[in-house]
Protein chains: 2
Amino acid sequence: MPMELTGTDMEQLDELTCIKHAYQRGGFLYRSGSKFQSLYAIRTGFFKTQVLHEDGREQVTGFQMAGEIIGMDAISSDAHACDAIALEDSEVCEIPFSRLEELSRKLPSLQRHLHRILSREIVRDQGIMLLLGSMRAEERLAAFLLNLSQRFAARGYSPTSFYLRMTRQEIGSYLGMKLETVSRTLSNFQGVGLISIRNKSVEIHNLQKLQRLVGPPPECI
Amino acid sequence: MPMELTGTDMEQLDELTCIKHAYQRGGFLYRSGSKFQSLYAIRTGFFKTQVLHEDGREQVTGFQMAGEIIGMDAISSDAHACDAIALEDSEVCEIPFSRLEELSRKLPSLQRHLHRILSREIVRDQGIMLLLGSMRAEERLAAFLLNLSQRFAARGYSPTSFYLRMTRQEIGSYLGMKLETVSRTLSNFQGVGLISIRNKSVEIHNLQKLQRLVGPPPECI
DNA sequence: ATGAGTGTTTGATGTATATCAAAATCAATG
DNA sequence: CATTGATTTTGATATACATCAAACACTCAT
């Protein structure tokens, strides 16, 4: 998990023997309200997290992929605050949180790492607030595609050609728009030659143009 | 800061002698990009945090009041990710983060407390994502007023009569709507007798009705 | 293969909220 | 106390996105 640990630290880290679990597509990693015990490191696969409003409305709060840690919202109340659902067959490492806390008291570098992970999640959420609060549909979708592109690239996959694991409906929920608007906007992008999209396969033809789209609102150009 | 500490722990906690600072209204507690050193506990007053997009757009990400901790977004990158600005004359306690980490290695209850605070911020942000992604202007504003109400109540102030420290513009930025829409919606609330609002003084006449407003979308009633 | 069911696209229309604009109110300062 | 600038309210209009609806394409199981 952490990369910047010294040799002896590393051995102690082994104590944090995570338990591996497999989840089928559609399976719940955890449910909102269930007792908090562990964080989960995604080894392979793809998840979404969503919060449900009493009245049935749902909001997708994130899409998580290999190497990312999930479940941190539950620390504050000892119960999970959202659902986590596998979007494809996946493997996760369960990290018992009490062990992690114990160990991070002994290993300052692990402690620092944990704090960074928690903080990174806060920064990510703020980015989404910016997106939801002040961007138009086109910009949101461009930002979304660029974000996926970067994360795939960071994992050694193509930044310009990838497969969407989520439905238009889930993209829309995440970005605060309706599935029809998602579909229309993607079609527009294709229409102007920015991307090719056929079902869930995306090919980005012009990353820079996409980046410029996220930028200033139309009146400012 | 933490309430659930044993006696001897408490003495050690004294080592975490925070440095007190005063800020005038309009003053920056920290700026986006500045080096991260400390978290800040607000003792008195009122702050806002905002992220700025390159192209000038800004998004208010939160309003913080006495007793709340601020600055946690900066842990992940060692630099602040947003601005924090005093909305009235305020006092904060600076908590050097390296000292806090050090001490929380010795005091499990402090460690746990810190983790909870970080996690609570994540949960809060998810709530705002839900609000921005799936609520209408009326619901957002009702949720906003109720949230302020609860937080004032928790501090011993009236939950039904309080003073808004922020402008309509700042409320709008926070809630993802324009200041005119904020103004109009507040006028509507007043029109139907839900609240009285004169400039920045709010009086809530019917908390329950306000609560019901946050709930289901109109078609579902 | 074939059909059922789910997900996607596209069109026509409606509506919530943004935009533009002007007046009214408030706060600060000399 | 008067003046200036910021903030707020309110109205008229525009527009981005939602809604409703129907056709179309996948996926999966029989």
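Reminder, nothing fancy here: chain letters follow the sequence lines and each chain counts from 1.
For A:Lys200, counting side-chain heavy atoms from C-beta on, the closest listed nucleotide (C:dT8, C:dC26, D:dT8) is C:dT8. Taking every side-chain heavy atom of B:Ala137 into account, C:dT17 is the closest of D:dC17, D:dT8, C:dT17. Of all nucleotides listed (D:dC17, C:dA27, D:dC26), D:dC17 comes nearest to the side chain of A:Arg136. Taking the side chain of A:Arg184 as heavy atoms from C-beta on, and the options C:dT17, C:dA12, C:dA21, the nearest nucleotide is C:dA12.
Annotation: cation-pi pair A:Arg155/A:Tyr157 absent, no NZ/CZ under 6.0 Å from the ring centroid and within 45° of its normal.
The pair A:Glu88-A:Arg165 meets the salt-bridge criterion, since a charged nitrogen lies less than 4.0 angstrom from a carboxylate oxygen. Salt-bridge check for A:Arg151 with A:Glu68: passed, with a basic side-chain N closer than 4.0 Å to an acidic carboxylate O.
In terms of phosphate contacts, B:Asn199 brings a side-chain nitrogen or oxygen within less than 4.0 Å of OP1 or OP2 of C:dA27. The phosphate of C:dA16 (OP1 or OP2) has no side-chain N or O of B:Thr181 nearer than 4.0 angstrom. Remark: B:Ser187 is in phosphate contact with D:dT10, judged by side-chain N or O atoms under 4.0 Å from OP1 or OP2. Of the side-chain N and O atoms in B:Arg168, none sit less than 4.0 angstrom from OP1 or OP2 of D:dT7. Contact between the side-chain N/O atoms of B:Arg25 and the OP1/OP2 oxygens of C:dA28 is found at a separation under 4.0 Å.
Rounded to an integer number of Å, the gap from A:Asn188 CG to C:dT10 C1' is 11 Å. Atom CD1 of A:Ile197 is separated from atom P of D:dC26 by 13 Å (rounded to the nearest Å). Atom CD1 of A:Ile171 and atom C1' of C:dT8 are 11 Å apart (whole Å). Going from atom CG of B:Leu175 over to atom C1' of C:dA16 covers 16 Å, rounded to whole Å. Following rounding to the nearest Å, A:Lys178 (NZ) and C:dG14 (P) show an atom-to-atom distance of 19 Å. The nearest whole Å value for the distance from the CD atom in A:Gln169 to the P atom in C:dT8 is 9 Å. As a whole-Å value, the separation of A:Met135 CE from D:dA16 C1' is 17 Å. The distance from atom CE of A:Met177 to atom P of C:dT15 is 22 Å, rounded to the nearest whole Å.
Not a single donor-acceptor pair under 3.5 Å links the side chain of A:Ser32 to the backbone N or O of A:Asp83. Remark: side-chain polar atoms of B:Asp73 are paired, donor with acceptor, to backbone N or O of B:Ala81 under 3.5 angstrom.
Comparing B:Glu180 and A:Leu179, the nucleotide of DNA chain C nearest to each residue sits closer to the 5' end for A:Leu179.
Within the 4.0 angstrom heavy-atom criterion, only backbone atoms of the sugar-phosphate kind lie near B:Thr167; the bases stay farther away. Within the 4.0 angstrom heavy-atom criterion, only backbone atoms of the sugar-phosphate kind lie near A:Arg198; the bases stay farther away.
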